[in-house]
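Since the structure comes first, as structure tokens, the remarks are kept for the end.
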Amino acid sequence: MQRIFIAMAAVLMVEQAAAKDVLSGASLYEDVTRYSSFGLHRFGSAGDRATADWIAGEMKQAGFDVSFQPVVLGRQYVVEQASTEAGGTRVEAMPFWWPPEDKASFHLTAPLARDGDVAGKILLLELPFDRGAYLGPAHRAAIAEAAAKKPAAILLTIGNPADDRFAYNVTQEDAPWPVPVIVVGAKSRPTFERALASGAPVTLDVKGHYERDVAGRNVVAAIGTGPTIVVSTPMTGWYSCVCERGPGIANFLALARTVAAEKWPAHFVFIATAGHEIGHGGMELFLKHGAPAPKDTLAWIHFGSSNACYAFAEGARTDRPEEERYLVLSKSAVALTDEAFARVEAKRLVTEKQAVGELRDVHAAGYANFLGMAGRHRTFHTPSDDLAATGPDILEPVARAFVDAARKIVERGEAAFR
């Protein structure tokens, strides 16, 4: 009798799992919450490893053939602790990638200066809010000009809506700064303005180290036969990345579970990439080794940054999506996207020369038919990015639109892009 009850319970659990709506806001938010629970998601971190294990497990449970693709990047800097102190006030800080090799850890107390003779002092520098995610020529020029004045270090604030410690994506090829560059949030500006006015010294305390040939992993999952469709999303970023990465990963898993449960007649390759913030290493590797050839790929679907985050107004969260949200698509996907995303508020970015984020790499590799979503939100690339930035009601329409688009691609084949 006990065996019968156990068997019945097992059947009930299977039926309940099958009945679960994986596209519901509650289910999607559950995945974002799980992603959030792993903490820091920087490449090579414990959170990075835990995320890859979790996604691989979910894909296996859905019925995919899953493998890990090793990703080895030449270097990574690991922060153990970073802070500043002025006038008895301690402020959390963040080294700006890449720190000088011989200043991976250092302790410095010196006067603060904004102009004049700054040699041997800590130079206060501000970069304006430019809505970008990547370190660019203007940033490099501003920091190089400041470093040429021979300060002992640079204390940097970078404009952003959260007034928090912002980080720009960098590459493996970027040279280390000639002096330490330490980022603090603009909300701590009064502390340093007082130190500047009074001449009080400022202390920088950083403990960190470089690692070489740092190991990470892409998660590659495949299922089905027929036309090939690739689905991708990044897993890593500077901080917790809850709304930067979480909704995309939830969409990625929801589409995978739908494809597997409904046995769609296509060959799907799902790829979750590592190393986004320090050079797109995982995507670069997959495109060179493992990705289906462009000529053999019907479509590429990408879940990029901040695709279901709330907008803020006067410091308070609204019920509306962030305005800086873009559907990034090939010209061939315009009609399909207009149809599937009719109820999703997002600006269209039709790319003929260059895409954004990791779709930039996909487009450059020659994939003709692609669509994805990427954007930014109030706490983007800062440690303030948390679960409050998203919610079930904003997640669900995006997930359903992507599933609708993918289903139409499977049903219509090449005709979906005419």
Checklist entry - Would you find a donor on one side and an acceptor on the other, under 3.5 Å apart, between the side chain of Gln69 and the backbone of His289? => result yes

Checklist entry - Counting distance only, does the side-chain N/O of Thr157 pair as donor-acceptor with the main-chain N or O of Ala186 below 3.5 Å? => result no

Checklist outcome for this item: side-chain contact (heavy atoms from CB on, under 4.5 Å) test vs Leu387 passes for just one of Cys243, Ser37, Ser36, namely Ser36

Next on the checklist: Tell me the closest heavy-atom pair linking Ser240 and Pro383, and the distance in Å.
Outcome noted: OG-O, 4.4 Å

Item to check | Set of side chain to side chain donor-acceptor pair (under 3.5 Å) partners for His377, sequence neighbours left out | outcome: Ser306, Thr379, Asp385

Item to check | Worked verdict on Tyr29 versus Thr390 for side chain to side chain contact (heavy atoms under 4.5 Å, CB included) | outcome: CA-CA 8 Å; Tyr29 193 66; Thr390 189; 4.0 Å; yes

Checklist entry - Hey, does the side chain of Thr318 reach the backbone of Phe312 with a donor-acceptor pair shorter than 3.5 angstrom? => result no

Checklist entry - Within a radius of less than 6.0 Å around CZ of Arg320, do more than 12 heavy atoms belonging to other residues, nucleotides or ligands occur? => result no

Checklist entry - Do side-chain atoms of His107 reach the backbone of Asp205 as a donor and acceptor pair under 3.5 angstrom? => result no

Checklist entry - Partners of Arg217 by salt bridge (charged side-chain N to carboxylate O under 4.0 Å, His left out), sequence neighbours excluded? => result Asp53

Checklist entry - Is there a salt bridge (charged side-chain N to carboxylate O under 4.0 Å, His left out) between Glu414 and Arg418 once you walk through the steps? => result CA-CA 7 Å; Glu414 289 287 353; Arg418 292 175 188 163; 5.7 Å; no

Item to check | Gap separating the CG atom of Leu349 from the CG atom of Leu329, nearest 0.5 angstrom | outcome: 7.5 Å

Item to check | Atom of Pro176, atom of Pro99 and distance for their closest heavy-atom approach | outcome: CB-O, 3.4 Å

Next on the checklist: Quick check on the 6.0 Å ring-centre criterion: do Phe166 and Tyr168 meet it?
Outcome noted: yes

Checklist entry - Can Asp130 and His139 be said to form a side chain to side chain contact (heavy atoms under 4.5 Å, CB included), step by step? => result CA-CA 10 Å; Asp130 66 357; His139 312 127; 2.7 Å; yes

Next on the checklist: I'd like to know if the side chain of Arg378 reaches the main chain of Ala311, judged simply by a donor and an acceptor atom lying under 3.5 Å from each other, with no hydrogens or angles considered.
Outcome noted: no

Item to check | Nearest atoms (heavy-atom pairs only) where Phe417 meets Ala299 | outcome: CZ-CB, 3.5 Å

Item to check | Ring centres under 6.0 angstrom apart (Trp98, Tyr77) | outcome: no

Item to check | Residue list, side chain to side chain contact (heavy atoms under 4.5 Å, CB included) with Ala221, at least two apart or on another chain | outcome: Met59, Phe64, Val66, Phe270

Next on the checklist: Centroid separation under 6.0 Å, is that true for the rings of His302 and Phe370?
Outcome noted: no

Next on the checklist: Show me the pairs that pass salt bridge (charged side-chain N to carboxylate O under 4.0 Å, His left out) and involve residues 160-181, at least two apart or across chains.
Outcome noted: Arg140-Asp174, Asp164-Lys187

Checklist entry - Between OH of Tyr367 and CG of Asp296, what distance do you get to the nearest 0.5 Å? => result 9.0 Å

Checklist entry - Run the side chain to side chain donor-acceptor pair (under 3.5 Å) check on Asn169 and Trp238 step by step: do they pass? => result CA-CA 8 Å; Asn169 292 340; Trp238 288 108; 3.0 Å; yes

Checklist entry - For Lys288 and Glu284, what are the C-alpha separation, side-chain angles and deciding distance, and is it a salt bridge (charged side-chain N to carboxylate O under 4.0 Å, His left out)? => result CA-CA 6 Å; Lys288 290 180 179 177; Glu284 182 179 308; 3.6 Å; yes

Checklist entry - Any side-chain heavy atom of Phe106 sitting closer than 4.5 Å to one from Ile182? => result yes

Item to check | Test item: Val71 and Leu73 side chains (from C-beta on) under 4.5 Å apart, heavy atoms | outcome: yes

Checklist entry - Any side-chain heavy-atom pair from Trp54 and Leu253 closer than 4.5 angstrom? => result yes

Checklist entry - With sequence neighbours excluded, what pairs up with Ala250 under the side chain to side chain contact (heavy atoms under 4.5 Å, CB included) test? => result Leu28, Asp31, Val32

Next on the checklist: Would Arg42 and Tyr239 count as a cation-pi pair here, with the cationic atom under 6.0 angstrom from the ring centre and within 45° of the axis?
Outcome noted: yes

Checklist entry - Mind checking whether Pro227 and His267 have side chains closer than 4.5 Å, heavy atoms only? => result no

Checklist outcome for this item: Heavy-atom nearest pair, Gly44 first then Val214, reads CA-CG1, 4.1 Å

Item to check | Whether over 12 other heavy atoms sit under 6.0 Å from Asp319 CG | outcome: no

Next on the checklist: Given 3.5 Å as the limit, does a donor-acceptor pair link the side chain of Thr236 with the main chain of Ala274, or not?
Outcome noted: no

Next on the checklist: One thing to verify: whether Arg400 and Asp21 come together as a salt bridge, which I'm taking to mean a side-chain N less than 4.0 angstrom from a carboxylate O.
Outcome noted: yes

Next on the checklist: Checking the side chain of Arg75 only, and the main-chain atoms of Glu211 only, is there a donor and an acceptor separated by less than 3.5 Å?
Outcome noted: no

Next on the checklist: If we ignore hydrogens and angles and just use 3.5 Å, is the side chain of Glu358 paired with the main-chain N or O of His280 as donor and acceptor?
Outcome noted: no

Next on the checklist: Could you report the tightest heavy-atom contact between Asn218 and Gly282, atom names first, then the distance?
Outcome noted: ND2-O, 2.9 Å

Checklist entry - More than 12 foreign heavy atoms under 6.0 Å from CD of Gln81: is that the case here? => result yes

Next on the checklist: Name the residue from Leu255, Val259, Asn251 that meets the side-chain contact (heavy atoms from CB on, under 4.5 Å) definition with Val231.
Outcome noted: Leu255

Next on the checklist: Could you go through Phe96 and Leu156, starting from their C-alpha distance and side-chain angles, then the distance that decides it, and tell me whether this counts as side chain to side chain contact (heavy atoms under 4.5 Å, CB included)?
Outcome noted: CA-CA 9 Å; Phe96 202 45; Leu156 177 65; 4.0 Å; yes

Item to check | Non-neighbouring partners of Cys241 that pass disulfide (SG to SG under 2.5 Å), sequence neighbours left out | outcome: none

Next on the checklist: Is it the case that the side chain of His41 and the backbone of Tyr35 share a donor-acceptor pair, with hydrogens and angles ignored and the cut-off at 3.5 Å?
Outcome noted: yes

Next on the checklist: Does any part of the side chain of Lys103, heavy atoms only, come nearer than 4.5 Å to the side chain of Trp177, both counted from C-beta?
Outcome noted: no

Checklist entry - How about Pro234 and Arg245: do any of their side-chain heavy atoms sit closer than 4.5 Å? => result yes

Item to check | Inter-residue atom distance Met373.CE - Phe303.CZ, 0.5 Å rounding | outcome: 9.5 Å

Next on the checklist: Could you measure the distance from the OG1 atom of Thr51 to the CZ atom of Arg49? Nearest 0.5 Å is fine.
Outcome noted: 10.5 Å

Checklist entry - Is the shortest heavy-atom distance from the side chain of Tyr326 to the side chain of Val356 under 4.5 Å? => result no

Item to check | Side-chain heavy atoms of Leu204 within contact of Thr84, under 4.5 Å | outcome: yes

Checklist entry - Within the distance-only criterion (no hydrogens, no angle test), does the side chain of Glu322 pair as donor or acceptor with the backbone N or O of Glu324 below 3.5 angstrom? => result yes

Next on the checklist: Atom CD of residue position Glu126 - does it have more than 12 heavy atoms of other residues, nucleotides or ligands inside 6.0 Å?
Outcome noted: yes

Next on the checklist: Could you walk me through whether Glu92 and Arg90 satisfy the salt bridge (charged side-chain N to carboxylate O under 4.0 Å, His left out) test, starting with their C-alpha distance in whole Å, then the side-chain angles of each, then the deciding distance to 0.1 Å, before giving a yes or no?
Outcome noted: CA-CA 7 Å; Glu92 291 293 322; Arg90 184 179 183 275; 2.6 Å; yes

Next on the checklist: Taking atom CZ as the centre, does Arg343 end up with more than 12 heavy-atom neighbours from other residues, nucleotides or ligands that are less than 6.0 angstrom away?
Outcome noted: no

